[in-house]
Asker: 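Shown below is the structure under consideration.
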Number of protein chains: 2
Amino acid sequence: MSRSRVTVVDIARAAGVSKSTVSLVLQASPLVNEATRAKVNAVIRELGYVYNRGAANLRQSASSRIIGIIVNDLTNSFFAELAVGMDMVMQSAGYVQFLSNSAESVDRQREVVASMREHGISGLIISPARGTEAADLKPLAASGIPVVSVVRNVVGAKVSSLVSDNYAGAKAAVAHLVSLGHSRIAFLGGIANTTVFAERVQGWRDALVEAGFEAPDMLVIGSTASRAGGVAAIERALSLPAPPTAALCFNDAAAFGVCDGLRAAGREPGRDFAVVGFDDVIEAETAVPALTTVSVDPQGMGRRAAQLLLKQINTGKVEPEAIVGSVRLVVRQSCGAGEKAGRMSA
Amino acid sequence: MSRSRVTVVDIARAAGVSKSTVSLVLQASPLVNEATRAKVNAVIRELGYVYNRGAANLRQSASSRIIGIIVNDLTNSFFAELAVGMDMVMQSAGYVQFLSNSAESVDRQREVVASMREHGISGLIISPARGTEAADLKPLAASGIPVVSVVRNVVGAKVSSLVSDNYAGAKAAVAHLVSLGHSRIAFLGGIANTTVFAERVQGWRDALVEAGFEAPDMLVIGSTASRAGGVAAIERALSLPAPPTAALCFNDAAAFGVCDGLRAAGREPGRDFAVVGFDDVIEAETAVPALTTVSVDPQGMGRRAAQLLLKQINTGKVEPEAIVGSVRLVVRQSCGAGEKAGRMSA
DNA sequence: GTAATTAATTGGAACGTTCCAAATATGTCA
DNA sequence: TGACATATTTGGAACGTTCCAATTAATTAC
């Protein structure tokens, strides 16, 4: 059935030219005569030829036009949107991407990286799994493949990175809550021993201290960075001897969970308790109450990461570049300051 | 800097054997002597050799071990989970996947398919964009590349498909609502002229009719299949002269939107109005109220689709196979029947 | 009419692997 | 020892492209 594939030589024979000419036509070279080009293209369509990029990549000068993307949790909207942003840029640049989910497993991540290397990726964007070490990315950098680490940093790795300004974002969010009259503000959700968590907690702490309030450790309640984690965290927070009246959450997923947990406890988020998230995923805007959150613009971040990688691939330069993306607080209703929200009791 | 890459010939030279022997070692052939194998492997590690799969794929017998996955909306949790399920299976099978988002654009989808073909995918799993025609998938099937269409069907395309039993799911959901005492049950959200929508509406209609109730068209309110779409749909539903007391929603995203919209209108989902979703995404379980929904198990569906594709690749058989995955109603709280929910007023 | 210039085309080696057929080494049996 | 079987190794052609250097054809200049 599936007859052996059509190659340039077949085209050449059918069009009565040499394979070199066909190759030139394929690359839209200006060297070839209009009439010849037309004829060759006609034959190409007629025989249903498909270009074999693998064969072309064999010549050492060529670029594979394949890049790798690895994210740590694709089921989290934040990362899905990040991936979509990258996809957009890569696709318009004529690249195709291997996209894999490490599910926070460094072992899986290692396998995927190895597999992608064997397939000759020209670059990699990675949101590293927890516990990723510089050594995991070393071989890539050593063989001249540009790597952009996004969202999370890998300490000691000589790769470019694009992370958001977690410290400033958290600080701004807490300052806003303070301006609304809160003083007992919790930090809810997220896994404790990660850099991102540490940076956000630091912002939370410094904002409270600068405002002249206490920042007791018991108000920092870690859990998973998910909706379920948010529910668990707010339950613990409400059972404290002196419960908080507001919370900055590790991310939007946790913040939604906190809202769910508040309702389960008979409290209305935005009215009885102020909730602020982090990320600004799409649903943040349409949720009820709309979520006040620190906007990281995941799609935009994905696009920037992709552009950064493309720049490195095209210029062939290897020096890593560290970019900290700015963030801004988007005030909606869940903090009690939005127009449509009811008045806060605190 | 980046010296030209290390090849089998370099390994051969360094280990004092022929390139053929190195090749045998790479394929873990039992033909080679233990001592030789050890030496070659040592050299491979020492020189930091990376296998060039592209070169190997050149021989026409070889399989590229690359498959393509295209989904229509990766920002929708349902599809993200679907992709994660596929990723799991593919990765353990030693495959790597191109994963792209068509964003419901048939043009983008076409480009992506073409690009993936040029890169020599051994198979494709696609959740087709709206408006995809059989012709779009024809060339793949013609060149013997197995294709599995998932979630949505492409009429007339001779490819395998794996869809869920939309009709039975919708019918069961409505029957459940009827058993709870509802008779004015709306169908909310989703884009009207799609097969999936039609099937679910038909299930809704038949269940109502069988129960002896009316199924007026005005109770079918389409919109986008998103959270925002759900909000819009319930707003319109509540403004009807005789508003419904319950709703089956096109999917979970829309159902969450309906819950949001209900609260915005001062009604509590699960108590004042029964809501049922479709899909059973992860958040359905942890949301408050937990969402009663028709479980499609997206990750499981992704895994099944991947297994189906692998089977087709391995057996080399081309005959398409149409599978309808069974679904089951998961009763939680948003319909008012769950244990923790308050009593329904209707 | 010949030389020089420009425009088009082309043969063939190279890219890094696999795999066949053939060669060599090792062992066994009479 | 020679004849055979078995275990291991190997040269070289192929896979489908690109690209250099060289060729041929067409045009222009003198």
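Chain letters run A, B, ... following the sequence lines, proteins first, then strands; residues in each count from 1. Keep in mind it's a predicted model, so treat the numbers as computed, not measured.
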Asker: When the nearest nucleotide of DNA chain D is assigned to A55(B) and to K19(B) on a heavy-atom basis, which residue is associated with the more 5' position?
Answerer: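 By nearest-heavy-atom nucleotide position, the 5'-most residue is K19(B).
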Asker: Counting any heavy atom closer than 4.0 Å, what does S20(A) reach on the DNA or RNA strands: base, sugar-phosphate only, or nothing?
Answerer: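 The residue S20(A) makes base contact.
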Asker: Could you check how far CZ of R13(A) sits from C1' of dG16(D), rounded to whole Å?
Answerer: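 Those two atoms, CZ and C1', are 13 Å apart.
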Asker: dT17(C) phosphate, OP1 or OP2: any side-chain N/O from S23(B) under 4.0 angstrom?
Answerer: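 No, because none of the side-chain N or O atoms of S23(B) sits under 4.0 Å from OP1 or OP2 of dT17(C).
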Asker: Does S18(B) make a side-chain N or O approach to OP1 or OP2 of dT9(D) shorter than 4.0 Å?
Answerer: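 No, outside the criterion.
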Asker: Give a yes or no on whether a salt bridge exists between E321(B) and R304(B), defined as a side-chain N under 4.0 angstrom from a carboxylate O.
Answerer: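 A salt bridge is absent here (no side-chain N lies under 4.0 Å from a carboxylate O).
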Asker: Taking the minimum atom-to-atom distance to the side chain of L24(A), which one of dT10(C), dT17(C), dT9(D) wins?
Answerer: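 Nearest nucleotide to the side chain: dT10(C).
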Asker: dC19(C) phosphate, OP1 or OP2: any side-chain N/O from R59(B) under 4.0 angstrom?
Answerer: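 Looking at the OP1 and OP2 atoms of dC19(C), neither is under 4.0 Å from any side-chain N or O of R59(B).
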Asker: Given atom CG of N57(B) and atom C1' of dC15(C), what is their separation to the nearest angstrom?
Answerer: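 It is 14 Å, rounded to the nearest whole Å.
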Asker: Can any side-chain N or O of S160(A) pair as donor or acceptor with the backbone N or O of A322(A) at less than 3.5 Å?
Answerer: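 No, S160(A) side chain to A322(A) backbone: no donor-acceptor pair under 3.5 Å.
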Asker: How long is the line joining CG of N33(B) and C1' of dT10(D), in whole Å?
Answerer: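 After rounding, the gap between these two atoms is 15 Å.
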Asker: R53(B) side chain N/O closer than 4.0 Å to the phosphate oxygens (OP1, OP2) of dT17(C)?
Answerer: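 Answer is no, no contact under 4.0 Å.
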Asker: On DNA chain D, nearest-nucleotide positions of T36(B) versus V50(A): which is more 5'?
Answerer: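 It is T36(B), whose closest nucleotide lies nearer the 5' terminus.
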Asker: Check the distance between dT17(C)'s P and L58(B)'s CG and give it to me in whole angstrom.
Answerer: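 Rounding to the nearest Å, CG of L58(B) and P of dT17(C) are 12 Å apart.
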Asker: Do R37(A) and E34(A) sit within salt-bridge range, that is, some charged N less than 4.0 Å from a carboxylate O?
Answerer: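 Answer for the salt bridge query: yes.
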Asker: Contact between D107(A) and R110(A) at the side-chain level, heavy atoms closer than 4.5 Å - yes or no?
Answerer: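 Sidechains of R110(A) and D107(A): in contact.
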Asker: Would you mind reading off the distance between Q27(B) atom CD and dT17(C) atom P, rounded to a whole angstrom?
Answerer: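 Spelled out: CD on Q27(B) to P on dT17(C) is 11 Å.
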Asker: Can you tell me how far P of dG16(D) sits from CG of N52(A), to the nearest Å?
Answerer: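 It is 7 Å, rounded to the nearest whole Å.
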Asker: Measure CZ/R37(B) against P/dA7(D) and give the value in whole Å, please.
Answerer: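 These atoms are roughly 15 Å apart.
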Asker: According to side chain to side chain donor-acceptor pair (under 3.5 Å), who are the partners of Q109(B), at least two apart in sequence or on a separate chain?
Answerer: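 Only T132(B) meet the side chain to side chain donor-acceptor pair (under 3.5 Å) criterion with Q109(B).
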Asker: Atom CG of L31(B) to atom P of dT10(D): distance rounded to whole Å?
Answerer: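 Computing the L31(B):CG to dT10(D):P distance gives 13 Å.
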Asker: Give T7(B) one of three labels, base, sugar-phosphate or nothing, depending on what nucleic acid heavy atoms sit under 4.0 Å from its own.
Answerer: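 If one applies the 4.0 Å heavy-atom cut-off, T7(B) turns out to touch the sugar-phosphate alone, with no base involved.
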